[in-house]
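So the structure is just underneath, and the comments pick up after that.
Just follow the structure's listing: the first ligand is 1, and inside any ligand the first atom is 1. Keep in mind that what you see is a predicted model, and the values were worked out from it rather than measured.
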Amino acid sequence: MDEEFFEDLEEVLISADVGVSTVMELIEELEMEVKRKNIKDTQEVKQVISEKLVEIYQGADELDDNVALNIQDNDLTVILFVGVNGVGKTTTIGKLAYQLKSEGKEVLLTAGDTFRAGAIEQLNEWGGKRVGVDVIKHSEGSDPAAVIYDGIQAAKSRRADVLLCDTAGRLQNKVNLMNELSKVKRVIEREVPNAPHEVLLVLDATTGQNALIQAKTFSQTTDVSGIVLTKLDGTAKGGIVLAIRKELGIPVKLIGLGEKVTDLQIFDPHAFVYGLFADMLEEDE
Ligand code: GDP
Ligand code: MG
């Protein structure tokens with residue numbers, strides 16, 4: 001474990017979007033640990049790097065992470081999806097609908113992105129055609145809060161188990177979008193006790209450091225309860241979620257690994273942090 005090894009690791013982690021200060025902190029601790037334990041082989045050092053990164057992710061007080069979605073047993077669960085355009089909200093809703101339906105749940109979708117052309121049809125395509133669940137929709141340009149309201153009424157009268165709410169993501173008009181999202185959230189809070197049960201912020205792993213800004217913006221208005229990190233099937237590693245977790249305390253709950261309905265998985269911090277630097281060590285062996 002020479003100087004060069006730590007320099008390589010530093011480079012690999014920074015390019016995986018783990019912020020510079022976090023990487024510096026890690027490398028320093030790692031060098032000490034390696035010296036202290038007199039670690040010489042890569043197998044052992046892998047273990048230590050993983051442990052340290054999971055520690056950084058989970059924080060000093062080792063919050064035991066409850067990544068499972070807050071799904072009510074015998075009551076309606078409402079999940080609100082937020083995030084900028086193109087991150088994968090609609091696709092993730094389709095995937096989650098598929099999963100929940102496979103578990104025997106009655107799922108309903110609401111097309112709250114009334115802004116982007118084709119967004120309603122896209123949700124319909126995923127929900128109605130691919131997964132076979134109903135989509136409550138209004139026409140393009142209508143008030144998203146009104147669609148969500150109708151979705152809730154439909155979910156209640158059909159005694160559905162889960163209502164997944166899609167929303168718009170145009171950040172060009174941030175103030176309007178945030179007002180719209182607060183209004184949607186207020187409607188949900190008013191119509192269903194203790195709802196929304198989850199507010200999931202969808203982040204695209206390929207956006208790098210910008211994801212932190214998105215997390216700050218959305219958590220101010222919508223009280224985000226968890227993150228869905230998408231597009232991890234590409235080259236992006238999504239190391240930025242370490243910073244998001246550290247700064248905002250928001251845990252990652254799900255990860256997206258492709259464009260098929262089955263490409264959604266529960267977040268595993270150990271496997272995730274290992275993925276941040278695994279390539280480097282595999283090349284070495
Ligand atoms: P939205 O604007 O947030 O609703 O994003 P969409 O759901 O429309 O997704 C935008 C694009 O990203 C689409 O082409 C999706 O197929 C793609 N996408 C979403 N999730 C993933 C993922 O996990 N992996 C990959 N490779 N593509 C994804
Ligand atoms: Mg969409």
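In this structure a side-chain-to-backbone donor-acceptor pair under 3.5 Å is present from Thr230 to Val87. For Lys89 (side chain) and Gly83 (main-chain N/O), a donor-acceptor pair under 3.5 Å exists by modelled atom type. Checking side-chain atoms of His197 against main-chain N and O of Val78 turns up a donor-acceptor pair under 3.5 Å.
Residue contact check: Thr90 has heavy atoms under 4.0 Å from atoms 4 (O), 7 (O) of ligand 1. Shown in contact with Val84 at under 4.0 Å from a heavy atom are these atoms of ligand 1, numbered in order with element: 3 (O). Those atoms of ligand 1 with a heavy atom of Asn85 less than 4.0 angstrom away are 2 (O). Listed by number with element, the atoms of ligand 1 under 4.0 Å from a non-hydrogen atom of Arg116 are 2 (O), 8 (O). Less than 4.0 angstrom separates some heavy atom of Asp233 from each of these atoms of ligand 1: 22 (C), 23 (O), 24 (N), 25 (C), 26 (N). Atoms of ligand 1 found under 4.0 Å from any heavy atom of Gly256, numbered from 1 in the order shown, are 23 (O).
Look at Gly169 and you'll find every heavy atom at least 4.0 Å from all atoms of ligand 1. The shortest heavy-atom distance from Asp113 to ligand 1 is not under 4.0 Å.
Looking at Tyr98 and Leu264, their side chains never come closer than 4.5 Å, going by heavy atoms from C-beta outward. Side-chain contact check for Tyr57 versus Val252: some heavy-atom pair is nearer than 4.5 Å.
Given atom 18 (N) of ligand 1, the protein heavy atom at minimum distance is Lys231 CE, 3.8 Å. Taking atom 2 (O) of ligand 1 as the reference point, the nearest protein heavy-atom neighbour is Gly86 N, 2.7 Å. At the shortest separation from atom 8 (O) of ligand 1 among protein heavy atoms lies Gln122 NE2, 2.8 Å. Of the protein's heavy atoms, Thr91 OG1, 3.4 Å lies nearest to atom 9 (O) of ligand 1. From the protein, the heavy atom lying nearest to atom 22 (C) of ligand 1 is Gly258 O, 3.2 Å. Nearest protein heavy-atom neighbour of atom 5 (O) of ligand 1: Gly88 N, 2.9 Å.
Taken together through direct or relayed side-chain contacts under 4.5 Å among Ile, Leu, Val, Met, Phe, Trp and Tyr, Val228 and Ile213 form parts of separate hydrophobic clusters.
Here Lys37 pairs with Glu33 under the salt bridge (Lys or Arg N to Asp or Glu O under 4.0 Å) rule; sequence neighbours left out.
Under the 3.5 Å distance criterion, with hydrogens and angles disregarded, no donor-acceptor pair is assigned to the side chains of Asn176 and Glu180. The closest side-chain donor-acceptor pair between Gln72 and Thr77, if any, does not fall under 3.5 angstrom.
Annotation: Glu11, atom CD; neighbour count of heavy atoms from other residues, nucleotides and ligands within 6.0 Å does not exceed 12. Open room surrounds NZ on Lys260; 12 or fewer heavy atoms of other groups in view lie less than 6.0 Å from it. By the neighbour-count criterion of 12 heavy atoms within 6.0 Å, atom CD of Glu28 is sparsely surrounded, having that number or fewer from other residues, nucleotides or ligands.
In terms of N/O distances under 3.5 Å, ligand 1 is not approached by Asp166. Of the polar atoms of Lys89, at least one N or O is found under 3.5 Å from an N or O of ligand 1, judged by distance alone.
Contacts with ligand 1 closer than 4.0 Å are made by backbone heavy atoms (N, CA, C, O) of Leu257 only, the side chain lying farther away.
Closest non-hydrogen pair, Leu109 versus Ala97, comes out as CD2-CB, 4.0 Å.
The side chain to side chain contact (heavy atoms under 4.5 Å, CB included) with Val82 is formed by just one residue from the set Thr217, Thr167, Val202; it is Thr167.
For the Mg ion (ligand 2), protein N, O or S atoms closer than 2.8 Å were enumerated as Thr90 OG1, with waters left out.
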Problem set entry | Intermediate values then yes/no, salt bridge (Lys or Arg N to Asp or Glu O under 4.0 Å), Lys129 and Glu121 | CA-CA 11 Å; Lys129 301 197 183 127; Glu121 189 39 46; 3.7 Å; yes
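Considering Gln265, Arg170, Glu259, Lys260 only, the shortest heavy-atom separation from atom 17 (C) of ligand 1 involves Glu259.
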